[in-house]
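Working notes, beginning with the structure itself.
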Amino acid sequence: MAPEVQFPCDGDGVCMRCKVKPPSEETLTCGTCVTPWHVSCLLPESLASSTGEWQCPDCSGDVVPSAAPVTGHAGVESSGSVLVAAIRAIQADVTLTEAKKAKRRQKLMSGGGDDGLDEEDKKKLEIFCSICIQLPERPITTPCGHNFCLRCFEKWVGQGKLTCMTCRSKIPKNVAQNPRINLALVSAIRLANVTKCSVEATAAKVHHIIRNQDRPEKAFTTDRAKKTGKANAASGRIYVTIPGDHFGPIPAENDPTRNQGVLVGESWEDRQECRQWGAHFPHIAGIAGQSAVGAQSVALSGGYEDDEDHGEWFLYTGSGGRDLGGNKRTNKIQSSDQSFAKMNEALRLSCKMGYPVRVVRSHKEKRSAYAPKEGVRYDGVYRIEKCWSNVGIQGSYKVCRYLFVRCDNEPAPWTSDEHGDRPRPLPNIPELKKATDLFVRKESPSWDFDEAEGRWKWMKSPPVSRKAVAALDPEERKIIRKAKNGNNRLLKEFGCQICKKVLSLPVTTPCAHNFCKACLEAKFAGISQVRERSKGGRTLRAKKNIMTCPCCTTDLSDFLQNPQVNREMMEVIENLKKKEEEAESSKDTAESSGGNNAESEEEEGTQTVSEVEPPTKRIKLVDTVAAAASDCVGK
DNA sequence: TCGCACTCAGAT
DNA sequence: ATCTGAGTGCGA
């Protein structure tokens, strides 16, 4: 089998393809990057040398034999940039339709050969860690735009190697010491794994059918409510097939539109949207539960000043004890004692039984380092280990207090751990000294860690649901459309934080934020790296200008000297777009050939397209995707 | 920034 | 049927 992708020898001289350390006479050293390559693992055409000095496949650009020569504007172009330039050339070619462009790009990615690769190979070509040659696990991106597993990367730099495995660029110290997970890439990888099966599983089974299908895809506003906007919105369609009293994570089988379940780290624009995906059903209340059953989920939104958030554990305050007279639906002022009744009792029951409680964090929680910057995010399940009463910060009245400790099989969104939670010792809570009504679980928890399997699971059967499932319309066509929306949703993950559109030429900062290269460069255009200073006619030492990341406080001035495109991520984005186009065109064929369904013609004007001229329509689709992305991110 | 009116869903 | 609720945008 001929290698589709060629690899050099690693830092120890071991060939990364055959894992053997060849003697020096069996290696060739590249004249450009000075990297040794194992001769017998090179393709014959890569061995040829047109000039005197041998160049490796990375440096010679042999991977893109059909690419039109394009001169890059930047002085130093890495091998990745050759591809970028070639793609740029294709994109700029006005004679090509979008479909043709996609085909060319695909050909380019698959090494210009015939399209005889199987899915597995394609996936690998799209995105892989150059150390382990797998899809990156907990991916991190170097400033030179290359992706690695966190573990591989740490192992690599742990050996004292401070150059990129792929391009031999220097890895800055701060990146080596404190790598950040590239969350957008995490979704990319998840998506790459999911879309394949979801296409086959589009005709997913739907268990129950209620009038949920009559609901709009987005939360709507009544005529009267439009005056006050979303505040008065009715809820939109529920996309998951779990009942309102479902405990624990939402698995893939209850997510017929995407077939992936609600993943830790997923986020939504507001509580309405969060509700539509089942993470937390009440659209105002912070606790979802029933006093006789238990609590299924809570929201951390900063509404209670007694709350204390430590990420993996937090202290939560019960509800009630506040005057909601008149039309007020919320009120910060405590005016009576809270008691373990209603929702507070539901939480206590979840504590007693050791049920998993889903937790969403809202951007409204300003004091917590773990709160998302915008929207509402699902952070996984926690258990309530104990609860008690105490006089709250406001001084005069008692509040119910709960200790939540994380117990999810998926790692928290903020952690760079590879695995989910392990049982951990309970934190020390000073306020327990003054607590009254202390309640600690005595029986064994329903949801617990199975040492043998190394994961959290139901040890006792979960409570039986007493509620109906808000199921989706089984009509195939609608499911296909929403499956497409599922893709749209994930494309939103690849929004540039500056232009709010889908990333083009994405660059990943050392703090793991993604921007279009052009946007980031424009942001800092005209700002020089150093600032001249003078005082009283005396010239002081030039001070380095701090160039802060548009998303956080990280200084990007070093990174900005030569930001590199994350080529692999770009490929994923391109492929996503392509898949959307394919899904769209297959939908068209299904429509034109079928037509047997008596449809309630509620298709929006924007979606109705004539059968002819697919290219225009495709462009339109991509535009709507970009618009959707900007709608989501912008505020 | 604040207070306010407004809406809907869910518990009881 | 009544009540509660960690939402929401507007106008002062």
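Every value quoted in this text rests on a predicted model; they were computed, and no experiment measured them. In what follows, chains carry the letters A, B, and so on, assigned in the order in which the sequence lines appear, proteins first and then strands, with residues in each chain numbered from 1.
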Any sub-3.5 Å donor-acceptor pair from A/Arg406's side-chain atoms to A/Glu312's backbone N or O? no
Using only atom types and a distance under 3.5 Å, with no angle test, would you say the side chain of A/Arg383 pairs donor to acceptor with the backbone of A/Trp447? yes
Nearest-Å distance for atom pair [atom1]/[atom2], residues [X] and [N]:
X: A/Gln272; N: C/dG5; atom1: CD; atom2: P; result: 19 Å
X: A/His283; N: C/dG7; atom1: NE2; atom2: P; result: 10 Å
X: A/Gln338; N: C/dT4; atom1: CD; atom2: C1'; result: 13 Å
X: A/Lys342; N: C/dT2; atom1: NZ; atom2: P; result: 15 Å
X: A/Glu273; N: C/dT8; atom1: CD; atom2: C1'; result: 15 Å
X: A/Ile238; N: B/dC8; atom1: CD1; atom2: P; result: 15 Å
X: A/Lys467; N: B/dT12; atom1: NZ; atom2: P; result: 9 Å
X: A/Ile287; N: C/dG5; atom1: CD1; atom2: P; result: 9 Å

Phosphate-side-chain proximity, [X] and [N], N/O vs OP1/OP2 below 4.0 Å:
X: A/Lys328; N: C/dC3; answer: no
X: A/Ser301; N: C/dG7; answer: yes
X: A/Ser291; N: B/dT12; answer: yes
X: A/Arg271; N: C/dG7; answer: yes
X: A/Arg275; N: B/dG10; answer: yes
X: A/Ser319; N: C/dG5; answer: yes
X: A/Asn327; N: B/dC4; answer: no

Nearest-nucleotide 5' precedence on DNA chain B, A/Gly244 against A/Ile284: A/Ile284
Residue pair A/Thr330/A/Met343 against DNA chain B: nearer the 5' end by closest nucleotide is A/Thr330
Taking the six-membered ring of A/Tyr355, is NZ or CZ of A/Lys352 closer than 6.0 Å to its centre and within 45° of its axis? no
Please evaluate residues A/Tyr378 and A/His280 with respect to the criterion side chain to side chain contact (heavy atoms under 4.5 Å, CB included), reporting the C-alpha separation (whole Å), side-chain torsions for both, the decisive distance (0.1 Å), and the verdict. CA-CA 9 Å; A/Tyr378 173 59; A/His280 184 67; over 6 Å; no
Residues A/Arg377, A/Glu266: salt bridge by 4.0 Å N-O rule: no
Would you mind checking if A/Arg361 and A/Asp309 are paired as a salt bridge, meaning a charged N to carboxylate O distance below 4.0 Å? yes
Base, sugar-phosphate alone, or nothing: which one does [X] contact when heavy atoms must sit under 4.0 Å apart?
X: A/Gly286; result: sugar-phosphate
X: A/Gly289; result: sugar-phosphate
X: A/Gly326; result: nothing

What is the pairing partner of B/dT7, taking Watson-Crick or G-U wobble pairs with both distances under 3.5 Å in any strand? none
Looking at the side chain of A/Arg329, which of B/dA9, B/dC6, B/dT12 is the nearest nucleotide? B/dC6
